[in-house]
Amino acid sequence: VMAESGSSTYQKVQDDLRQIDIYRDTPIRFLGYSNEVGEAFRSIVPVSLVRATYVAAFGYVCADALDKSRKAHKKEWPTCSDRSKAVAVAAGDTFLWQTLASVVIPGFTINRLCHFTAILLSKTTRLPPTARKWATTAIGLGAIPLIVRPIDSAVEMGMDSWVRPIYGAAHH
């Protein structure tokens with residue numbers, strides 16, 4: 001019985017290691033950054049298109065929250081109350097983390113970077129307006145890969161310090 005139990009535990013650990021989180025470990029993660037692309041193109045495209053990129057980003061956020069809550073629901077729990085709490089925490093924690101790390105903070109960052117880049121280019125260069133807009137867009141797009149990991153890490157640390165202690169969630 002001991003060997004069988006140990007083998008079962010080993011298999012469970014191996015199965016857990018093989019699972020890939022499609023919302024964080026695959027290119028699907030980039031859907032969460034669609035609004036940053038929209039912000040980078042804000043000076044070139046209609047504002048309605050920029051807003052549409054936020055719809056795509058929040059769709060990604062909701063899909064990830066649904067996925068994490070579904071996974072929490074499938075686990076074995078001692079009581080229905082424990083299951084309900086775990087599902088709520090999984091959904092809420094994921095929704096908050098993704099909203100901050102994938103939409104709000106990077107969207108604001110790219111928006112402000114592009115805004116101040118446009119001002120700087122208009123005051124310091126003689127580029128025509130169209131060239132300034134494309135340069136601003138290029139700088140915004142180029143900054144996106146540079147801000148992902150620092151923002152993800154900062155949101156993780158902030159939530160671990162300030163938010164997760166409230167509902168007792170462990171680092172995910």
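Each residue takes its place number in the sequence, starting with 1. Please read these numbers as outputs of a predicted model, since none were measured by experiment.
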Legend entry - Sidechain N-carboxylate O distance under 4.0 Å for Arg29, Asp25: no
Inset, instruction - Give, for atom CG of Asp67 and atom CG of Asp21, the distance between the pair rounded to the nearest 0.5 Å. - result: 6.5 Å
Inset, instruction - Compare every heavy atom of Lys133 with every heavy atom of Ser43, then report the nearest pair and how far apart it is. - result: O-CD, 3.4 Å
Inset, instruction - Run the salt-bridge test on Glu39 and Arg112 with the 4.0 Å N-O cut-off and return the result as yes or no. - result: no
Inset, instruction - Measure from the side-chain N and O atoms of Trp77 to the backbone N and O of Ala72, and report whether any donor-acceptor pair falls under 3.5 Å. - result: yes
Inset, instruction - Any chance you could measure Lys71, atom NZ, to Ser69, atom OG, to the nearest 0.5 Å? - result: 10.5 Å
Legend entry - ILVMFWY network linking Leu100 to Val55, side-chain heavy atoms under 4.5 angstrom: no
Inset, instruction - Answer whether the closest heavy-atom distance between the side chains of Arg24 and Trp97 falls below 4.5 Å. - result: yes
Legend entry - Min side-chain heavy-atom separation Ile110-Arg42 under 4.5 Å: no
Legend entry - Shared hydrophobic cluster, Ile105 / Leu31 (ILVMFWY, side-chain heavy atoms < 4.5 Å): yes
Inset, instruction - Just do the side chain to side chain donor-acceptor pair (under 3.5 Å) check on Gln98 and Ser102 with the steps written out, would you? - result: CA-CA 5 Å; Gln98 287 287 13; Ser102 298; 2.5 Å; yes
Legend entry - From CG (Asn111) to CG (Asn35), nearest 0.5 Å: 10.0 Å
Inset, instruction - Walk me through it: do Lys85 and Asp82 pass the test salt bridge (Lys or Arg N to Asp or Glu O under 4.0 Å)? - result: CA-CA 5 Å; Lys85 180 182 177 191; Asp82 289 340; over 6 Å; no
Table please: side-chain donor-acceptor pairs of residues 141-149 below 3.5 Å, with sequence neighbours left out.
none

Inset, instruction - Quick one: closest heavy-atom pair of Lys68 and Ala90, and the distance? - result: O-CB, 3.7 Å
Inset, instruction - Would you name the heavy atoms of Pro165 and Met159 that are closest together and state the gap between them? - result: CD-O, 3.8 Å
Inset, instruction - Consider only side-chain heavy atoms of I, L, V, M, F, W and Y, link residues closer than 4.5 Å, and tell whether Ile28 and Phe95 are in one cluster. - result: yes
Inset, instruction - With the side chain counted from C-beta on, respond yes when Phe41 and Val50 share a heavy-atom pair under 4.5 Å apart, and no when they do not. - result: no
Inset, instruction - Check the angle between the aromatic planes of Tyr60 and Tyr23 and answer parallel, tilted or perpendicular using the 30° and 60° thresholds. - result: tilted
Inset, instruction - Please report the closest heavy-atom contact between Ala65 and Ala91, naming both atoms and the distance. - result: CB-O, 3.7 Å
Inset, instruction - For Ala101 and Ile151, work out which heavy atoms get closest and say how close. - result: O-CG2, 3.7 Å
Inset, instruction - Check Thr117 against Thr136 and note the closest heavy-atom contact, atom names and distance. - result: CG2-OG1, 3.8 Å
Inset, instruction - Could you tell me whether the side chain of Ser122 reaches within less than 4.5 Å of the side chain of Arg132, counting heavy atoms only? - result: yes
Legend entry - Shared hydrophobic cluster, Leu120 / Leu113 (ILVMFWY, side-chain heavy atoms < 4.5 Å): no
Legend entry - Cluster link Val45 to Tyr54, ILVMFWY, side chain under 4.5 Å: yes
Inset, instruction - Can you establish whether the number of heavy atoms outside Phe108 located under 6.0 Å from its atom CZ is more than 12? - result: no
